[in-house]
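Notes to accompany the following structure.
All values derive from a computational prediction rather than experimental measurement. Below, chain A is the first sequence line, B the second, and so on; all start at residue 1.
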Protein chains: 2
Amino acid sequence: MGGDLGHTAAVAGAVRALESTPELQLILVGDGGQLKPDIEALSSAHRSRIKLEHTTEVVAMDQSPRQVLRNKKPYSMRLALEMITQGRAQACLSSGNTGALVALSKAVLGTVQGIKRPAILSPIPSLNGVTLMLDLGANATCAPALLCQFAVMGDVVARGDYNIARPSVGLLNIGTEQGKGTELLNEADAMLRESALNYVGFIEGNHIFTDAVDVVVSDGFTGNIALKTMEGFAQFFAARLSESGRTHRDEAGSSLTDGFMQILDTRTHNGASLVGLDGIVVKSHGSADATAIFHAIEMATKEIHSHIPREIERTIAQYKFPAGELHV
Amino acid sequence: MGGDLGHTAAVAGAVRALESTPELQLILVGDGGQLKPDIEALSSAHRSRIKLEHTTEVVAMDQSPRQVLRNKKPYSMRLALEMITQGRAQACLSSGNTGALVALSKAVLGTVQGIKRPAILSPIPSLNGVTLMLDLGANATCAPALLCQFAVMGDVVARGDYNIARPSVGLLNIGTEQGKGTELLNEADAMLRESALNYVGFIEGNHIFTDAVDVVVSDGFTGNIALKTMEGFAQFFAARLSESGRTHRDEAGSSLTDGFMQILDTRTHNGASLVGLDGIVVKSHGSADATAIFHAIEMATKEIHSHIPREIERTIAQYKFPAGELHV
């Protein structure tokens with residue numbers, strides 16, 4: 001649950017997902033008072049694949065993660081995550097408070113063996129499809145070995161979810177030559193060059209959108225800055241276009257706004273995965289509509305099919321990044 | 001000089017600037033063999049306001065700043081900067097190697113009294129005109145007091161060059177609440193709250209493009225990441241549009257590409273100023289055409305008229321940011 005468009009968008013997105021994935025079963029966790037009418041309005045075929053777990057407790061958007069962890073309230077977010085440990089679900093999708101979701105996920109699920117910390121990963125539209133970026137905000141500062149772990153996780157997701165055979169990996173920096181940027185980045189660069197990953201070196205912010213690499217690794221601070229910048233720019237451009245009062249149409253009469261959204265695939269690529277956890281957790285944008293929620297559920301479904309947590313655990317064991325030196 | 005489009009774009013841009021600013025005089029520094037024909041083709045009125053300083057030495061785009069500093073070659077960049085100390089010019093514009101330009105500028109001009117390090121500042125198009133951003137890459141990591149100095153310089157430029165009476169200043173972070181992000185940022189936040197600046201607090205990457213603040217301050221690493229990300233995104237969007245093979249036209253028949261460029265004002269806002277130096281230095285994009293170069297010259301002209309270096313020196317003296325603690 002969570003999200004600005006509430007239960008209606010969630011249920012509508014859920015229905016699309018059920019239709020798209022025959023074997024999918026969903027548990028909606030939230031206020032039964034609001035959800036029941038929406039569910040009861042569905043076909044019996046759909047209803048049979050949706051369960052309802054009632055709770056009125058919700059993590060507020062401005063609530064501190066620390067506070068959420070400290071009390072034992074049956075937040076919808078907490079209940080949903082616990083379903084994974086209980087074996088009742090394989091994945092959890094939330095549109096709520098990201099900081100709380102990260103903290104609760106770590107507390108309830110823990111990370112797979114060998115992984116020090118989970119990272120927020122998202123697919124960013126690029127010239128050759130997508131570029132996977134992580135960490136987008138779970139870990140503000142990161143030791144070199146932690147960045148290397150993120151690189152491994154990005155590689156696993158690129159192979160498992162996006163069928164990229166030998167994903168190329170880059171480190172986000174302010175220049176491409178060795179020695180550029182911070183000492184920490186150059187240490188990570190050295191470690192990645194030694195590894196078996198298809199590591200291509202440093203890449204700059206503009207390369208995120210080209211076909212330079214399949215996976216871009218950064219600490220959570222840098223990743224979040226880049227993410228919010230690109231989102232803000234897209235919103236700015238859209239706002240300027242509509243301010244201009246002019247509608248641009250192509251030869252077929254399609255308006256630019258449709259083409260714009262299509263090009264940017266913002267709703268198609270809704271969804272950030274918290275990789276490294278012993279369980280699948282996907283974070284949807286707060287403003288997600290039914291279509292966006294559908295795509296976020298699809299992301300979770302893909303990860304279930306690709307056994308991402310187990311694959312990460314299996315793969316990280318093959319690498320020698322010194323986990324002991326992960327303390328920043 | 002410098003830049004991919006070479007001397008032709010430079011001379012054409014120069015001519016537009018001469019027409020726009022009656023009191024402007026220019027000295028073109030570079031290969032006389034290439035420049036002379038272009039200059040001789042101009043009207044006598046224009047020719048009388050252009051001098052030529054000949055040198056064939058050019059800083060290569062991949063040359064290390066250290067190497068440039070160590071040798072004494074008469075690079076066009078060096079000669080142009082020295083003209084400022086010689087009193088022959090008040091400003092220098094270069095389209096060349098940014099790292100070398102920063103290093104040479106510091107070595108030749110030095111900073112004004114009270115300023116520890118220069119910063120690269122650029123106007124970014126935003127919903128209410130522009131947002132000034134600095135540092136965009138001169139100083140990768142910055143102590144809190146250095147960020148505060150950048151805030152002061154941004155405030156001076158916003159007032160002098162953009163006529164904003166009481167510029168609002170924000171620190172670029174991954175959240176707006178106090179305590180978010182790094183310790184270093186929170187130390188800077190505390191210092192700025194104590195200052196006389198119109199400091200509004202932390203802002204996120206998307207706020208760069210809104211009317212949230214007039215000035216966004218960050219360290220050079222973060223600023224460069226944000227800048228390259230927005231540039232890359234704009235290029236990506238433009239590439240996708242042209243790939244689609246469709247031309248979008250508005251009711252008046254104007255193609256989107258024109259509208260796109262106009263909206264984004266990328267050529268109008270070409271130019272990054274190296275603020276804090278004892279002299280005016282503007283860096284133009286390497287790919288700048290005549291129009292973009294014209295706008296970069298205009299930026300330098302504005303700074304001359306606003307006496308930016310002197311204003312910065314005068315203003316920084318009013319603030320108590322402990323310069324002694326600037327060592328990172």
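- No option in A:V215, A:D135, A:D219, A:L121 other than A:D135 meets the side chain to side chain contact (heavy atoms under 4.5 Å, CB included) test with A:F150.
- Counting heavy-atom pairs closer than 4.5 Å to chain B, the top residue among A:G220, A:A226, A:S218, A:G223 is A:A226.
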For this session: Please step through side-chain contact (heavy atoms from CB on, under 4.5 Å) for the pair A:V275 and A:V157, ending with a clear verdict.
Result: CA-CA 9 Å; A:V275 293; A:V157 174; 3.8 Å; yes
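- Among the candidates B:G99, B:S126, B:A140, B:G137, the residue making the largest number of heavy-atom pairs closer than 4.5 Å to chain A is B:S126.
- Of residues 199-211 of chain A, those residues lying under 4.5 Å from chain B by any heavy-atom pair are A:E204, A:G205, A:N206, A:I208, A:F209.
- Remark: the backbone N or O of A:D214 is paired with a side-chain donor or acceptor of A:S168 at under 3.5 angstrom.
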Exercise. Yes or no on side-chain contact (heavy atoms from CB on, under 4.5 Å) for B:V217 and B:L134, after CA distance, side-chain angles and deciding distance?
Worked result: CA-CA 5 Å; B:V217 174; B:L134 75 164; 4.2 Å; yes
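- Residues forming a side-chain hydrogen bond (donor to acceptor under 3.5 Å, both in side chains) with B:N97 (at least two apart in sequence, or on another chain): none.
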Run the side-chain donor-acceptor check on residues 169-185 of chain B: report pairs under 3.5 Å with partners two or more places apart or on a different chain.
from	atom 1	to	atom 2	distance (Å)
B:N173	ND2	B:K180	O	3.0
B:T182	OG1	B:L185	N	3.2

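- Applying the side-chain hydrogen bond (donor to acceptor under 3.5 Å, both in side chains) rule to B:N71 yields the partners B:Y75; only residues at least two apart in sequence or on another chain are considered.
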